[in-house]
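Worth knowing before you read on, the calculation uses all heavy atoms, side chains too, and leaves out hydrogens, waters and symmetry mates. This one's a predicted model, so the numbers in the text were calculated from it and none came from an experiment.
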Amino acid sequence: MGCARERGREALAGPLAEGLDVPRDLDLGDRARAPEQLKVHPAAHSQMVSTVMDILPEREVGLLVGSRRWPLPAARTQNIHESDTVALQAAPSRGAGRGR
C-alpha cells in the first residue's frame, strides 16, 4: 500500500503541482474533496469551468474538467489569479503623483 501512495505522490510532482501546497493526504479520486483540499474556492472553480466551456469544444471540456488531475490546474489557476490581483492592487496607479 505504501508503494501505491508513493507512486501517487510522484504523479503529483511536475508542472501541474508546481507552486502548490499539496496536502500529504490529497485524494484526487475524491472529486468533491480534492478541490477543497487544495483550497479552490467554489465560486472560482465555477468561473474556471465556465471559461473553459467558452473556449473548448464540449467533448474536450468534459475530458479536461472530468480528469482525475483537474483540481491541480484549477488550484494553480486560482493561485495565479490571486497573485495577479495582489500585484495589481500593490502597483501604483498610472496617474498617481501627477498634478491635476
Side-chain angles (χ1 to χ4, degrees):
M1 186 162 173
C3 290
R5 180 169 282 157
E6 286 304 312
R7 282 194 304 268
R9 296 287 303 163
E10 289 173 16
L12 293 177
L16 288 179
E18 187 177 313
L20 295 179
D21 182 19
V22 178
R24 291 184 61 81
D25 65 340
L26 177 63
D27 181 5
L28 291 174
D30 187 336
R31 296 294 297 172
R33 187 168 179 238
E36 188 177 293
Q37 286 182 287
L38 291 166
K39 297 177 178 60
V40 176
H41 302 289
H45 184 260
S46 293
Q47 180 63 42
M48 283 179 252
V49 172
S50 293
T51 300
V52 169
M53 290 174 72
D54 289 343
I55 297 169
L56 296 176
E58 185 177 341
R59 180 177 183 282
E60 291 180 25
V61 171
L63 291 172
L64 176 62
V65 176
S67 75
R68 179 178 174 90
R69 293 185 177 180
W70 165 252
L72 295 168
R76 285 202 62 212
T77 301
Q78 178 178 284
N79 287 354
I80 290 166
H81 177 73
E82 288 173 352
S83 295
D84 288 350
T85 301
V86 169
L88 287 172
Q89 290 173 347
S93 63
R94 294 182 111 180
R98 294 184 183 167
R100 292 184 187 194

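- Rounding to the nearest 0.5 Å places CD of Gln37 at 11.5 Å from CG of Asp21.
- Side chain of Arg76 to backbone of Glu18: a donor-acceptor contact under 3.5 angstrom is found.
- When each of Val40, Leu38, Thr77 is tested with Leu72 by the rule side chain to side chain contact (heavy atoms under 4.5 Å, CB included), just one qualifies, namely Leu38.
- Between Val22 and Ala17, the shortest heavy-atom contact is CG2-CB, 4.1 Å.
- Atoms CG and CH2, from Leu16 and Trp70 in turn, are 11.0 Å apart once rounded to the nearest 0.5 Å.
- Taking NE2 of His41 as the reference point, atom NE2 of His81 lies at 10.0 Å (rounded to 0.5 Å).
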Just list the side-chain donor-acceptor pairs under 3.5 Å for residues 47-60, sequence neighbours left out, or say none.
unit_1, atom_1, unit_2, atom_2, d
Gln47, NE2, Thr51, OG1, 3.4
Ser50, OG, Ser46, O, 3.1
Thr51, OG1, Gln47, O, 2.9

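- Applying the side-chain hydrogen bond (donor to acceptor under 3.5 Å, both in side chains) criterion to Arg31, with sequence neighbours excluded, gives no partner residue.
- For Arg33, the salt bridge (charged side-chain N to carboxylate O under 4.0 Å, His left out) partners at least two apart in sequence or on another chain are Asp25.
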